[in-house]
Amino acid sequence: MKALNTLISTILLSFLAISAQADSTIVERFSDTEVKQVLRDEGYGSVRIIEEGEIRFKAAGNIYVLYNHDDGDLHLYFGSTGLKLNYEDMNEWNRTTRLSRAYLDNDMDIALETDLLSNAGITQDMMKAMIQVFVETSVPRYISFAQDNDKN
């Protein structure tokens with residue numbers, strides 16, 4: 001029985017090691033299906049491919065679009081309506097905040113974006129970290145900033 005437990009433990013550890021190695025394997029780009037699966041595995045909701053290169057998902061009640069570019073770069077977008085800011089506010093955010101950029105879209109709605117460049121390769125761990133920072137830190141801070149500076 002002890003030998004069986006040892007064998008099972010060894011097999012489980014091997015699977016964990018293989019899984020961890022897959023998350024840190026450097027690739028040139030991910031397919032939309034691979035991005036979709038990573039988002040699902042990370043627990044994000046309503047994950048779907050809108051069209052080639054555009055994956056939509058939800059987190060904490062917000063909708064995001066992750067653009068998967070042909071060159072392997074990943075571009076994450078959050079937009080919101082109902083809050084009015086001006087270009088001075090956008091400049092303030094961009095001047096004082098790292099890892100994202102804010103702007104007013106064509107309808108004067110607020111938007112926030114971030115990128116993960118794949119020049120030297122990209123890993124699932126890098127993708128997960130970029131998404132997590134954007135969803136859990138950047139966007140909540142941006143929403144708070146926008147509410148504090150709302151011109152309505």
Side-chain angles (χ1 to χ4, degrees), residues 12-13 15-152:
L12 287 174
L13 287 173
F15 282 128
L16 289 173
I18 290 168
S19 175
Q21 184 178 12
D23 287 353
S24 61
T25 301
I26 297 173
V27 298
E28 289 183 18
R29 74 178 311 272
F30 289 105
S31 70
D32 291 347
T33 303
E34 290 170 321
V35 172
K36 179 180 173 182
Q37 190 60 52
V38 167
L39 290 165
R40 283 191 171 159
D41 290 348
E42 291 299 298
Y44 298 109
S46 301
V47 182
R48 65 185 174 100
I49 298 171
I50 298 171
E51 61 182 54
E52 186 176 339
E54 293 183 28
I55 301 96
R56 177 192 176 275
F57 67 97
K58 285 186 178 180
N62 295 316
I63 297 173
Y64 299 86
V65 177
L66 196 153
Y67 296 93
N68 186 14
H69 296 280
D70 290 337
D71 62 2
D73 291 351
L74 298 174
H75 170 117
L76 189 50
Y77 168 87
F78 166 78
S80 182
T81 60
L83 296 169
K84 296 297 178 194
L85 284 85
N86 57 34
Y87 74 90
E88 288 100 348
D89 298 319
M90 297 298 105
N91 287 344
E92 176 68 21
W93 174 269
N94 292 330
R95 185 174 43 256
T96 61
T97 306
R98 295 182 58 223
L99 306 178
S100 66
R101 66 189 166 283
Y103 63 93
L104 300 173
D105 69 12
N106 292 338
D107 297 322
M108 298 304 286
D109 293 322
I110 63 171
L112 190 70
E113 297 180 333
T114 192
D115 294 296
L116 179 60
L117 304 179
S118 66
N119 299 9
I122 189 171
T123 68
Q124 282 188 14
D125 286 339
M126 293 165 66
M127 180 188 347
K128 291 174 189 178
M130 184 253 317
I131 295 166
Q132 181 180 10
V133 167
F134 192 72
V135 166
E136 295 179 13
T137 304
S138 297
V139 168
R141 284 188 57 231
Y142 186 60
I143 291 171
S144 178
F145 172 84
Q147 290 169 338
D148 290 346
N149 293 283
D150 188 14
K151 307 295 188 256
N152 283 325

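- Between L76 and I131 the shortest heavy-atom distance is CD2-CA, 3.9 Å.
- The two residues Y87 and L104 have their closest heavy-atom pair at N-CD1, 4.0 Å.
- With contacts defined as side-chain heavy-atom distances shorter than 4.5 Å, the pair F30/K36 does not qualify.
- Remark: Q132 CD to D125 CG distance equals 11.0 Å, nearest 0.5 Å.
- Pairs passing the salt bridge (Lys or Arg N to Asp or Glu O under 4.0 Å) check and including a residue from residues 83-92, sequence neighbours excluded, read K84-D109, D89-K151, E92-R95.
- A heavy-atom distance below 4.5 Å is found between the side chains of D23 and K128.
- The distance from atom CG of L66 to atom CZ of F57, rounded to the nearest 0.5 Å, is 6.0 Å.
- Closest approach of T123 and S24 over heavy atoms only: CG2-O, 3.4 Å.
- With rounding to the nearest 0.5 angstrom, the CG atom of L99 is 6.0 Å from the OG1 atom of T114.
- The shortest non-hydrogen separation linking A146 to I110 is CB-CD1, 3.7 Å.
- Taking CG of D73 as the reference point, atom CG of L116 lies at 7.5 Å (rounded to 0.5 Å).
- With a 4.5 Å cut-off on side-chain heavy atoms, Y44 and V135 count as touching.
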- Task: Evaluate side-chain contact (heavy atoms from CB on, under 4.5 Å) for I143 paired with S80, printing each intermediate quantity in order.
- Result: CA-CA 9 Å; I143 291 171; S80 182; 6.0 Å; no
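- Between R101 and D115 there is a salt bridge, since at least one side-chain N of the basic residue sits less than 4.0 Å from a carboxylate O of the acidic one.
- Side-chain contact between N68 and R29 is present, with at least one heavy-atom pair separated by less than 4.5 Å.
- The two atoms that bring F134 and P140 nearest to each other are O-CD, 4.2 Å, heavy atoms only.
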